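What follows is a set of notes on a single structure, which appears directly below.
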Amino acid sequence: MAEDLNITTSTDKSQQYTALIPQIEALLFGEPDLVANLANISAALKEQFKWFWVGFYMVKNGELVLGPFQGPVACTRIKLGKGVCGTAWERAKTLVVPNVEAFPGHIACSSLSQSEIVVPVFHNGAVVGVLDVDSELLDQFDETDAQFLEQIVKLIKF
Ligand code: SME
């Protein structure tokens, strides 16, 4: 397993993801532990993209509970349908939020977060968690992020 991430300096987002994905695959290869793998995915994304907050919330006993993440301390529990995370979970769909102030019910774990993307994690057809990414800048996420992050969460093995 590679111990150091090869950070792509390209400003092209697709190129950054394309270089990162095989490295994430290598990090996960042969490692069955879910927490270890979620932790390394969060760290790899944070290192490449320098986003404000990157991490997972996992469904436990009917609510989302904070999992491995990189960034400032965050809210620990989110209910179904609440906030961007709980809404992505309820709809089983990726949500891109260009301006969190404009999202009804957005949960502000940090007042610095301005835009957000939440990608559901599926196992056996059900949402078992979400990948949440926050930026301090407005309008930082788009369909490219949605497609690549969806590809990344599919690498998670349960
Ligand atoms: N903003 C999220 C809560 C999680 S934090 O951003 C880490 C939401 O509205 O669900």
Side-chain angles (χ1 to χ4, degrees), residues 5 7-8 13-14 16-17 20-21 23-24 27-28 31 33-158:
L5 208 65
I7 301 299
T8 310
K13 199 154 58 174
S14 296
Q16 290 178 291
Y17 279 112
L20 187 64
I21 286 173
Q23 298 188 75
I24 291 179
L27 285 166
L28 305 190
E31 177 51 68
D33 189 86
L34 180 62
V35 170
N37 289 334
L38 299 182
N40 260 342
I41 293 172
S42 305
L45 287 168
K46 173 85 169 162
E47 231 181 311
Q48 175 63 56
F49 293 103
K50 318 283 184 230
W51 289 318
F52 177 67
W53 197 94
V54 187
F56 291 89
Y57 283 89
M58 301 308 286
V59 177
K60 287 187 184 168
N61 300 320
E63 59 185 343
L64 289 171
V65 181
L66 183 62
F69 70 95
Q70 294 272 316
V73 294
C75 330
T76 52
R77 288 171 191 269
I78 298 173
K79 295 200 185 306
L80 184 68
K82 299 294 177 192
V84 186
C85 292
T87 306
W89 172 24
E90 187 172 49
R91 295 185 193 165
K93 286 255 184 280
T94 297
L95 288 183
V96 175
V97 180
N99 178 359
V100 296
E101 300 283 340
F103 187 93
H106 165 255
I107 300 165
C109 292
S110 165
S111 57
L112 294 176
S113 173
Q114 297 219 61
S115 59
E116 182 164 4
I117 182 169
V118 179
V119 178
V121 179
F122 292 92
H123 179 52
N124 292 337
V127 179
V128 294
V130 298
L131 169 62
D132 180 19
V133 184
D134 289 65
S135 172
E136 294 152 291
L137 305 172
L138 288 167
D139 201 12
Q140 285 302 289
F141 307 105
D142 57 21
E143 193 50 36
T144 301
D145 298 286
Q147 282 176 12
F148 281 109
L149 293 174
E150 284 170 8
Q151 205 178 315
I152 288 170
V153 299
K154 283 192 190 131
L155 301 174
I156 301 166
K157 285 168 221 80
F158 293 91

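Note that the numbering runs from 1 along the sequence shown for the chain. Ligands are counted one by one from 1 in listed order, and the atoms in each one are counted from 1 as well. None of these values were measured; they are calculated from a predicted model.
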Neighbour list for ligand 1 [protein residues, heavy atom under 4.0 Å]:
Trp53, Tyr57, Ala74, Ile78, Gly83, Val84, Cys85, His106, Ile107, Cys109, Glu116, Asp132, Asp134
Over all heavy atoms of both residues, which pair between [X] and [Y] is shortest? Give the atoms and the distance, please.
| X | Y | answer |
| --- | --- | --- |
| Leu20 | Leu5 | CD1-CD2, 3.9 Å |
| Ala92 | Val127 | CB-CG2, 3.7 Å |
| Ile24 | Ala44 | CG1-CB, 4.1 Å |

Do other residues, nucleotides or ligands put more than 12 heavy atoms under 6.0 Å from Lys157 NZ?
yes
Quick check on the 6.0 Å ring-centre criterion: do Phe158 and Phe122 meet it?
no
Output a table of donor-acceptor pairs, distance under 3.5 Å, between side-chain atoms of residues 95-113 and any protein atom two or more places apart or on a different chain; print 'none' if there are none.
| unit_1 | atom_1 | unit_2 | atom_2 | d |
| --- | --- | --- | --- | --- |
| Asn99 | OD1 | Glu101 | N | 3.0 |
| His106 | NE2 | Glu116 | OE1 | 3.4 |
| Ser110 | OG | Leu112 | N | 3.0 |
| Ser113 | OG | Asp134 | OD2 | 2.7 |

